[in-house]
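Proteins come first, then strands; the chains are lettered A, B, ... in the order of their sequence lines, and each starts at number 1.
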Amino acid sequence: MSFIAKSPWILHYDGSSCNGCDIETLACLTPVYDIERFGVINTGNPKHADILIVTGSVNHQNRDVLLNIYNQMPDPKAVIAVGICAITGGIFAECYNVLGGVDKVLPVDIYVPGCAARPEAIIDGIVKAIGILEMKHQNMRIKSKWRLRWPWKSELKFSY
Amino acid sequence: MAMEKRIEIFILTVDELVSRTRSLHDEGYRLVQICCSKVDESGKAVLELDYTFDKHYNLYNIRISIEEGAEIPSISEIFGSAFVYENEIHDLYGVSIQGISIDYRGNFYKTAMPHPFTQD
Amino acid sequence: MGKQTIIPFGPQHPVLPEPLHLDLVLEDERIVDAIPSIGYVHRGLELLVSKKEYAEYVYVAERICGICSFMHGLGYCQAVEEIMEIQVPERALFLRTIWAELSRIHSHLMWFGLAADAFGLENLFMLSWRLRESVLDIIEETSGGRVIFGACKIGGVRRDISPETLRDMCQKLEKLKGHMDRLTGVFLNDRSVGYRLKGIGVLTREDAQRLGAVGPLLRASGVDMDMRRLGYAAYERLSFEPVTENDGDCYARCAVRARELYQSIDLIAQAVSMMPDGEVDTKVLGAPKGECFMRLEQPRGEVLYYVRADGTRYIERFRVRTPTFTNIPSMIHCLKGCDFSDVPNVILTIDPCISCIER
Amino acid sequence: MKKFAMERMSLNNLFRKPSTRLYPDAPKKYFPNTRGRLVFNLSDCTFCTLCQKKCPTHAITVRREQQEWELERMRCIACGNCCDLCRKGCLTMKNELTKAVILPEREYYRREKPQSSGEDAVK
């Protein structure tokens, strides 16, 4: 992570969580943890967001909402699964209406464990996501350069 | 310890439900909740509906038992707040309730399977 | 009279951190009807009782909702103890009372922040959440978790609080009172807050009783009803009067919650001064058999638990009727006749907790 | 009625020191009671499988024949139920943070090589 990194904006979507990780994510934005130090602002609009924070597991009802939000976000984007429910379904994994973790629907970049995830862990996750965003951004730049020079090689994969 | 040591439940038939509810409403009772549960009675699945009322911190319970898929009358004309419970019971248990004041017709809860609480 | 439009509100909305969907029927800018649809958070927790043993289900019950987590654990434990006729040690009852009141303070401070955010004063949002952090520190120090307490178990509590910590806690809460004076002073006296709250979303006393409202929503309409009067845990030995206001508008609900903050601190001080010595848990043997209803007063109002057990290690039926669920009819009633720009305000003053509603 | 409540409060905040905890630079001190991270001590374990049975999320797997104890960290909700129940005291709740990860890993302990017990296997 460099000092001239862009300020990533986050979008928070609450899956079927118990509100625990939810209010901890909000607590990150308040003076005591103050994630705006890293240039992070909570936004309500998916088109403005770089990082999607999902708390809680995915169920049949909100799967489409989640996909909808994710597809609206511009590239490069990162997804953070906050809390045990968002990672594996946790204590609700056996419920009939729960599909499981977020990674069943979206490609998750960072897993933040904890029940409820502590704000320090969430800050850790967001800082890591900023690094990943930067790498994805560089990949995109290299890709577009290659595409100009060797259009037939445009499907070359760059992994981070 | 709390007051509600042993619970008293008055078992009624479906026909008596509306008249008893009306008399409770006139006495100044408040509807606390409607709860449905599925029990096995000698090998046959029966749905038990518990109507809980409260007056001066004392609970008054009514229980009716019905078979799966039976029809019962709504009490949302008497207690305006009953419609949320009745819609919930309709969606989760598949009980058809006649004459709910705000009827969602099965769109209140959206679940993966219809009537999940009746499945084993 | 303009033509009617339907505006969808949610599930992902900047004001609501939780997914609630409302179809608002508007005539020009005035709301004529609101149709809520829920199910975004529905997990089917009540069916989990058949998969977890009754002693382990406490951890599930605590996760019905992260904000009132201790209360849900407490209610479930009390219901099972009632069926099994377990005598909980005195000290455990007082500790439960202290944790219950701490969670009320943290929930109300959180509500103040969210409400301030809804009517556009982000400054106040930040300030109330800063105060809330100091309460969360007390909670973490005593119970071990920040929002999920994990302190309650069947037969007592899982950990004791040492006398020094209790004394410390009282001093910290006394200090917090000074900060809260300033915060609630802004909410109750500031002109711009008053413009957003006074006379908005009025719920009269009759309507509140007819629609089955509970908690601060009901008490703001002048009805004196508080389930703590039932005397569960140690409440029968503490003296308190339910807070009531008469106007029934958003401002009255705000005032009720502001005064309940002080009441909770007072109750904690009383409980600490009367705290007996002794054990904090009893051994639980066997399995529950029977059924019972248990009612508690959550930060959001009356909650009812129904437990039916058949003598095995798995409970047959567990039902929880949460306060927000029974406040939905009142919320719809309040929304009718409001301006569209007041919608977030009115929704937040009932203090909705969506994961409580849908379980 | 108090006048200028908001203005007075804003001025107060202008002159008080910030309440921000500079987290990554200044690590947070946790309370001794804090339930943070489940720690397993292999040396006393008898592989009685009690922790596996009583775990509400089925995060622990014990194989007595192979003398293996496995924790799926991404399922553990840090409730501390296993710590209360363990008769040998092998399970403790440490007051430290569970860090965010990019790849979820299983933690895997085996009796044969006690000196390098923390051998991790990527799921």
[atom1]/[X] to [atom2]/[Y] distance, rounded to the nearest 0.5 angstrom?
| X | Y | atom1 | atom2 | answer |
| --- | --- | --- | --- | --- |
| C:Y57 | A:I91 | OH | CD1 | 9.0 Å |
| C:I148 | A:C21 | CD1 | SG | 8.0 Å |
| C:E122 | A:L29 | CD | CG | 9.0 Å |

Min side-chain heavy-atom separation C:V147-A:N19 under 4.5 Å: no
Between C:W129 and A:V32, is any pair of side-chain heavy atoms under 4.5 Å apart? no
In this structure, are over 12 heavy atoms from other groups packed under 6.0 Å from C:K175 atom NZ? no
Please say whether more than 12 non-hydrogen atoms of neighbouring residues, nucleotides or ligands are located less than 6.0 Å from CZ in A:R37. yes
Interface residues of residues 63-74 of chain C facing chain A - heavy atom cut-off under 4.5 Å: C:R63, C:I64, C:C65, C:G66, C:I67
Show me, pair by pair, the donor-acceptor contacts under 3.5 angstrom made by side chains of residues 136-143 of chain C, not counting sequence neighbours?
residue, atom, partner, partner atom, Å
C:D137, OD2, D:R21, NH2, 2.8
C:E140, OE2, A:R118, NH1, 3.0
C:E140, OE2, D:T34, OG1, 3.1
C:E141, OE1, C:K172, NZ, 3.1
C:T142, OG1, C:W99, NE1, 3.1
C:T142, OG1, C:I138, O, 3.0
C:T142, OG1, C:I139, O, 3.2
C:S143, OG, C:I139, O, 2.9

Between A:C115 and chain C, which part of the residue has a heavy atom less than 4.5 Å away: side chain, backbone, both or neither? both
For C:L47 and A:C95, run side-chain contact (heavy atoms from CB on, under 4.5 Å): C-alpha distance rounded to whole Å, both residues' side-chain angles, the deciding distance at 0.1 Å, then the answer. CA-CA 7 Å; C:L47 280 187; A:C95 293; over 6 Å; no
Of all heavy-atom pairs between C:K51 and A:E94, which one has the smallest distance, and what is that distance? NZ-O, 2.9 Å
Kindly give the heavy-atom pair with the smallest separation between C:M126 and A:T30, and that separation in Å. SD-CA, 3.8 Å
For chain A, the option from C:E133, C:R132, C:R130, C:E62 that forms the most heavy-atom pairs under 4.5 Å: C:E133
